[in-house]
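What follows is a short report on a single structure.
Heavy-atom basis, side chains included; hydrogens, waters and symmetry copies ignored. Residue numbers count from 1 along this sequence. Keep in mind the model is a prediction, meaning the values are calculated, not measured.
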Amino acid sequence: MDTSKNVRITDELYTYILDHSTPPDPVQAELIERTHRSFAGPSGMQIPPEQGTFLSILTAVVAPRFAVEVGTFTGYSSLAIARALPEGGKLLCCDVSEEWTSVAREAWEKAGVADRIDLRIAPAIETLNALPSHPHIDLAFVDADKDGYIGYWEALIPRMTPGGLVLADNVLFSGQVVDPAATGAPAAIRRFNEHVRKDPRVEAVILPVADGLTVARVKG
């Protein structure tokens with residue numbers, strides 16, 4: 001395989017990437033700081049700024065009338081998606097933590113997008129399975145418990161509109177997915193990646209954005 005066009009992302013190059021990408025606005029910057037201050041341990045679950053910008057761009061391109069997020073944490077990714085929704089577009093957020101999402105609610109209010117977001121505090125698979133079974137979701141972003149990814153995928157795909165996008169985060173899992181002896185979350189992601197690879201309902205690519213992002217387009 002020709003790897004001549006592959007680029008190793010050094011710290012210097014990553015800084016360059018950030019310096020030449022749209023930076024977080026004041027609400028996003030405050031949310032980053034508050035998440036790290038209030039939830040130092042799990043703060044790594046927050047997507048990085050460049051991924052948020054990428055989500056906003058994809059959302060603006062797709063212009064979803066109805067989008068779904070599985071795993072909201074403190075709201076950075078949902079904020080990125082909600083801001084780029086077309087007029088009348090809605091985002092359903094699925095999470096189980098009132099504590100984490102209380103921070104998200106404040107950020108949504110400050111950004112003026114709270115009226116576009118419906119937050120459901122419950123196991124995400126229950127929320128997804130309760131949705132209408134016909135295709136009506138235009139965009140979905142999955143960033144939750146890794147053991148649940150295949151279940152979320154199978155709940156989402158039949159409900160996706162033709163041409164809709166399903167995005168899944170952490171699909172490289174710090175590079176651990178290449179280890180066939182992996183256990184725990186990396187092993188779950190390996191199973192998920194194989195599941196997506198074999199799914200004839202989509203065309204998919206894994207992008208080396210942040211910790212790895214699958215972008216899957218649902219076939220018509």
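In the hydrophobic clustering of ILVMFWY residues, with side-chain heavy atoms under 4.5 Å counting as a link, Leu55 and Ile206 come out apart. Residues Phe54 and Val113 fall within the same hydrophobic cluster, defined by Ile, Leu, Val, Met, Phe, Trp and Tyr side chains chained together at heavy-atom separations under 4.5 Å. Linking ILVMFWY residues whenever their side-chain heavy atoms come closer than 4.5 Å, directly or via other members, leaves Tyr152 and Phe141 in distinct clusters. Linking Ile, Leu, Val, Met, Phe, Trp and Tyr whenever their side-chain heavy atoms come within less than 4.5 Å puts Val209 and Ile81 in one cluster. Under a hydrophobic clustering in which Ile, Leu, Val, Met, Phe, Trp and Tyr are joined whenever their side-chain heavy atoms come within less than 4.5 Å, directly or via other members, Val27 and Leu91 fall into the same cluster.
Within the 4.5 Å cutoff, the side chain of Leu139 has no heavy atoms near those of the Val68 side chain. Between Thr214 and Leu167 the shortest side-chain heavy-atom distance does not fall below 4.5 Å. Looking only at side-chain heavy atoms (C-beta outward), Val166 and Val202 stay at 4.5 Å or farther from each other. Counting heavy atoms from C-beta on, the side chains of Pro86 and Pro64 come closer than 4.5 Å. Side-chain contact between Leu85 and Arg116: present, with at least one pair of heavy atoms (C-beta onward) separated by less than 4.5 Å. Counting heavy atoms from C-beta outward, Lys198 and Asn193 have side chains that stay 4.5 Å or more apart. Pro23 has its side chain out of reach of Leu18: every pair of non-hydrogen atoms, C-beta onward, lies at least 4.5 Å apart.
Between Phe192 and Trp153, the ring planes lie perpendicular to each other; the angle is over 60°, past the 30° to 60° tilted range.
Side-chain atoms of Asp143 never come within 3.5 Å of backbone atoms of Asp169 as a donor-acceptor pair (strictly under, hydrogens ignored). A donor-acceptor pair is defined here as one N or O able to donate and one able to accept, closer than 3.5 Å; no such pair exists between the side chain of Lys90 and the backbone of Ile117. Between the side chain of Asn129 and the backbone N or O of Ile125, at least one donor-acceptor pair lies under 3.5 Å. Side chain of Asn170 to backbone of Phe173: no donor-acceptor contact under 3.5 angstrom is found. In this structure, Thr101 contributes its side chain and Ala104 its backbone to no donor-acceptor pair below 3.5 Å. Side chain of Asp211 to main chain of Leu172: no donor-acceptor pair is present (N/O by atom type, distance under 3.5 Å, no hydrogens or angles). A distance-only check finds a donor-acceptor pair linking the side chain of Lys146 to the backbone of Ala144 [under 3.5 Å].
With values rounded to the nearest 0.5 angstrom, Ser38 atom OG is found 12.5 Å from Trp100 atom CH2. Atom CG of Leu207 sits about 6.0 Å away from atom CG of Leu213, to the nearest 0.5 Å. Atom CE of residue Met45 and atom CZ of residue Phe39 lie 9.0 Å apart, to the nearest 0.5 angstrom. To the nearest 0.5 Å, the span separating CZ on Arg105 from CD on Glu109 amounts to 9.0 Å. Once rounded to the nearest 0.5 Å, the distance linking OG of Ser77 with CD1 of Ile47 reads 5.0 Å. Atom NZ of residue Lys110 and atom CG of residue Leu79 lie 11.5 Å apart, to the nearest 0.5 angstrom.
For the residue pair Tyr76 / Gln51, no side-chain donor-acceptor distance below 3.5 Å is found, with atom types taken as modelled. Between Thr161 and Asp138, the side chains place a donor N or O and an acceptor N or O closer than 3.5 Å (distance only, hydrogens not considered). A side-chain N or O of Thr72 and one of Glu69 form a donor-acceptor pair less than 3.5 Å apart. With no hydrogens or angles considered, no side-chain donor-acceptor pair links Asp115 and Trp108 at under 3.5 Å. Side-chain contact, Thr35 with Gln46: a donor N or O sits under 3.5 Å from an acceptor N or O.
If you run side-chain contact (heavy atoms from CB on, under 4.5 Å) between His136 and each of Arg65, Arg159, Met160, only Arg159 comes through. Of the options Ser78, Cys93, Cys94, a side-chain contact (heavy atoms from CB on, under 4.5 Å) to Leu119 is made by Cys93 and by none of the others.
Salt bridge Arg197/Glu194: present, at least one basic N to carboxylate O contact under 4.0 Å. Of the charged side-chain nitrogens involved, at least one lies within less than 4.0 Å of a carboxylate oxygen, so that Arg120 and Asp118 count as a salt-bridged pair. Here Arg37 pairs with Glu33 in a salt bridge; the nearest charged N to carboxylate O distance falls below 4.0 Å.
The nearest pair of heavy atoms linking Ala216 to Ala204 is CB-CB, 3.9 Å. The two residues Gln176 and Pro186 make their nearest non-hydrogen contact at OE1-CG, 3.3 Å. The two atoms that bring Arg190 and Val178 nearest to each other are NH1-C, 3.6 Å, heavy atoms only. Shortest non-hydrogen contact noted between Pro42 and Phe73 is O-CZ, 3.3 Å. Summarising the geometry of Val177 relative to Ile189, their closest heavy-atom pair is CG1-CG2, 3.4 Å, with the distance given to 0.1 Å. Taking every heavy atom of both residues into account, Pro24 and Ala29 meet most closely at CB-N, 4.0 Å.
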Requested in this report: Would you please test Ile9 and Ile17 for side chain to side chain contact (heavy atoms under 4.5 Å, CB included) and show each step?
Outcome: CA-CA 9 Å; Ile9 305 299; Ile17 290 170; 4.1 Å; yes

Query raised in the report: Taking it one step at a time, do Arg201 and Ile157 satisfy side chain to side chain contact (heavy atoms under 4.5 Å, CB included)?
Result: CA-CA 8 Å; Arg201 298 170 294 182; Ile157 293 298; 3.6 Å; yes

Query raised in the report: Which is it for Thr74 and Arg34 under the side chain to side chain contact (heavy atoms under 4.5 Å, CB included) test, yes or no, and what are the steps along the way?
Result: CA-CA 9 Å; Thr74 57; Arg34 182 174 178 186; over 6 Å; no

Requested in this report: Could you walk me through whether Leu131 and Ile137 pass side chain to side chain contact (heavy atoms under 4.5 Å, CB included), step by step?
Outcome: CA-CA 10 Å; Leu131 293 175; Ile137 303 171; 4.1 Å; yes

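Residue Tyr16 places its OH atom among 12 or fewer non-hydrogen atoms of other residues, nucleotides or ligands, all under 6.0 Å distant.
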